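Shown next, in structure tokens, is the structure this report addresses.
No hydrogens, no waters, no symmetry mates; every other heavy atom, side chains included, goes into these values. Since we're looking at a predicted model, the values are computed, not measured.
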Amino acid sequence: MAFKTHQVKKYNYAFDARTGGPGRMQLWGDPGLIAEVGFVDDNAAVPAPTFTADLNKATIYFKRSTLAGLVDMLRNESPVLVTINNQAPGFVFIQTLQEPAGEGEN
């Protein structure tokens, strides 16, 4: 299997008082929890994603400064998809489908 795409139906996130910033975000779809999103300092290396053999769940990391963009995407775009690809080196995308240029917000 090369990849599997899941539609995000719900999400939640929390702030961690120990780090003074975003803690974890969870993305939910039809198979249940599809992604655990962790955040690292902007000057830190981003760890490689990990995922289950059936490509139904991934653990991924982003820089802390991306939280606002991720929340904006989840609130304002539809559909939002998580694509998990196990072909070397393996990757995970959070993405939208193509949209018309200049469409603006509804």
Side-chain angles (χ1 to χ4, degrees):
M1 183 178 300
F3 69 92
K4 190 180 271 190
T5 300
H6 305 279
Q7 185 172 350
V8 177
K9 305 278 179 131
K10 295 182 180 187
Y11 70 96
N12 60 283
Y13 62 96
F15 287 88
D16 187 339
R18 296 169 297 168
T19 64
R24 282 250 191 246
M25 175 182 280
Q26 295 179 319
L27 306 177
W28 300 84
D30 286 336
L33 180 62
I34 53 177
E36 285 269 356
V37 182
F39 296 91
V40 298
D41 288 330
D42 286 348
N43 59 355
V46 177
T50 59
F51 34 81
T52 58
D54 62 5
L55 305 180
N56 280 332
K57 183 180 176 193
T59 301
I60 56 179
Y61 298 89
F62 290 99
K63 305 273 186 177
R64 285 198 174 137
S65 61
T66 64
L67 177 65
L70 286 170
V71 171
D72 180 68
M73 179 189 289
L74 290 163
R75 286 184 178 162
N76 296 308
E77 304 296 335
S78 183
V80 176
L81 308 170
V82 173
T83 298
I84 303 169
N85 188 314
N86 66 359
Q87 298 303 299
F91 59 87
V92 178
F93 285 142
I94 299 176
Q95 66 200 60
T96 64
L97 296 177
Q98 292 182 350
E99 297 183 31
E103 177 182 42
E105 298 298 325
N106 291 331

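To the nearest 0.5 Å, atoms CG (N86) and CZ (F3) are separated by 10.5 Å. One finds the CE atom of M25 at 9.5 Å from the CD1 atom of I60 (value rounded to the nearest 0.5 Å). Atoms CG and OG1, on N76 and T96 in that order, are 11.5 Å from each other to the nearest 0.5 Å. Once rounded to the nearest 0.5 Å, the distance linking NZ of K57 with CD of E36 reads 5.5 Å. To the nearest 0.5 Å, atom OG1 of residue T66 and atom CG of residue D42 are 8.0 Å apart.
Counting only distance, with no hydrogens or angles, the side chain of H6 and the backbone of L55 share a donor-acceptor pair below 3.5 Å.
Among pairs with a residue in residues 63-76, those fulfilling salt bridge (Lys or Arg N to Asp or Glu O under 4.0 Å) read D41-R64, at least two apart in sequence or across chains. Here ring pair (Phe, Tyr, Trp, His ring centres under 6.0 Å) pairs that include residues 47-102, with residues two or more places apart or in two chains, are F91-F93.
Taking K9 as the reference, D30 meet the salt bridge (charged side-chain N to carboxylate O under 4.0 Å, His left out) condition, with sequence neighbours excluded. Take R18 and apply the salt bridge (charged side-chain N to carboxylate O under 4.0 Å, His left out) test, not counting sequence neighbours, and it matches D16. Taking T50 as the reference, nothing meets the side-chain hydrogen bond (donor to acceptor under 3.5 Å, both in side chains) condition, with sequence neighbours excluded. Residues passing the side-chain contact (heavy atoms from CB on, under 4.5 Å) test with Q98: none are found, sequence neighbours excluded.
In the hydrophobic clustering of ILVMFWY residues, with side-chain heavy atoms under 4.5 Å counting as a link, L74 and W28 come out apart. By the criterion of side-chain heavy atoms lying less than 4.5 angstrom apart, applied directly or through intervening Ile, Leu, Val, Met, Phe, Trp or Tyr residues, L81 is not grouped with I94; the two fall into different hydrophobic clusters. Taken together through direct or relayed side-chain contacts under 4.5 Å among Ile, Leu, Val, Met, Phe, Trp and Tyr, L67 and V40 form parts of separate hydrophobic clusters. Cluster membership for V71 and I34, using ILVMFWY side-chain heavy atoms within less than 4.5 angstrom, is shared.
Across G90 and P49, no two heavy atoms sit closer than the pair O-CG, 4.2 Å. Closest approach of Q7 and P79 over heavy atoms only: NE2-CB, 3.5 Å. Contact detail for A2 and N85: the closest heavy-atom pair is O-OD1, 2.9 Å.
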Inset, instruction - Mind running side-chain contact (heavy atoms from CB on, under 4.5 Å) on F39 and L70 for me, showing each step along the way? - result: CA-CA 11 Å; F39 296 91; L70 286 170; 3.9 Å; yes
